[in-house]
Amino acid sequence: MTGRGAVGLGASALVAALLLGGCGTPRSGDLGPAPTAPPSSVAPTDRPEPAPTRAAAPTLPSTNRPPGPSTAASTGTRRPDPVTIELWYVRAGLLVPTRRTRPATVATSRLALTELAAGPSPAEAATGMITLLPAGVEVTRIADGVATLRLPSAGDPAARRLRAAQVVWTLTQFPSVRQVRLDGAAPVDRADYADLLPPIVVTGPIPGERVSAPLVVTGTATVFEATVSVRVLDAAGREVATGFGTAGCGSGCRGGYRVVIGWRTVPEQKGTVEVYEVSAENGARINTMAVPVVLAPRD
């Protein structure tokens, strides 16, 4: 074949080869790191502070009928997610934390103080948690990172200090609150009540929580050689798992810890997560924080 026919065939072959070569040999490349949004700044404000970390929206129960369009979808708006807040209660004269997940609100400080005054859940009360904050206490102003409020008087100075510590540790979880001014006194922060924390604080799991393996246990501690030990007990008190981790700071200072612990699948039942320190003198478990939970089969 010669002439224009040969030229046309050659061009067609070249196009086909390029197409086949492009599809037959996958290529990869590094697109680089994804762009990140600039950090937001918290401006002083007299208005209620923004909501803290938000939890995932609850899953709606399924039905046999196809779901119809939601009001949010039809109007083009998004239903706000629930908000999870941290509450600090009193246990054996010391501060201990727990959490609540509630419908979203811009008045997070009011929500936190209302929940704090409402008191512990039955599972939390079973561990000895109580609240010393009466109902009706509200923040009157937030400006320049300082929340202002008044507390009802308490006859016992120790109880009054614990009540103030509950308020300070609960309110300073919000980005807009760095300090709290109580009854017109100088502003205070968490450091002013650090001595009211137990040697081991457990932030997760919380009492009554349904957990499964692997379980992540978190908190802060000031313990010997920074070693935090964990064990999981079943309903009969039998040990089903043990583990340990290291806090971010050793004896004489407090650091955060995170221990991941697993166990074989067990039937759903009540259980206990114990976080403790091993005594340097005799190897006994000391400074134990016991958290009642529900052990669930692995998903």
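The first residue of the sequence shown is numbered 1, and numbering continues consecutively from there.
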With side chains defined as the heavy atoms from C-beta onward, is the minimum distance between [X] and [Y] less than 4.5 Å?
X	Y	answer
Leu151	Val167	yes
Thr170	Tyr89	no
Val278	Thr227	no
Trp169	Leu197	yes
Thr105	Arg110	no
Trp88	Gln173	no
Leu182	Val168	yes
Val217	Tyr257	yes

Carboxylate-amine/guanidinium contact Asp195 Arg161, below 4.0 Å: yes
Between the side chains of Glu86 and Arg190, is the shortest nitrogen-to-carboxylate-oxygen separation below 4.0 Å, so that they form an ion pair?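 Judged by the 4.0 Å cut-off on N to carboxylate O distance, Arg190 and Glu86 do form a salt bridge.
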Any donor-acceptor pair under 3.5 Å linking the side chain of [X] with the backbone of [Y]?
X	Y	answer
Glu281	Ser279	no
Asp189	Ala191	yes
Arg181	Ala185	yes
Arg285	Val275	no
Arg210	Glu268	no
Thr222	Cys253	yes

So which atom in Ala104 and which in Val83 form the shortest heavy-atom distance, rounded to 0.1 Å? CA-CG1, 4.0 Å
Test item: side-chain donor near acceptor, Thr148 and Thr140, under 3.5 Å: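 Result is no, nothing qualifies.
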Using distance alone, with no hydrogens and no angle criterion, decide if Arg99 and Thr84 have a side-chain donor and acceptor under 3.5 Å apart. no
Check which hydrophobic residues are tied to Val216 through side-chain heavy-atom contacts below 4.5 Å, counting indirect links as well, and list them. Val260
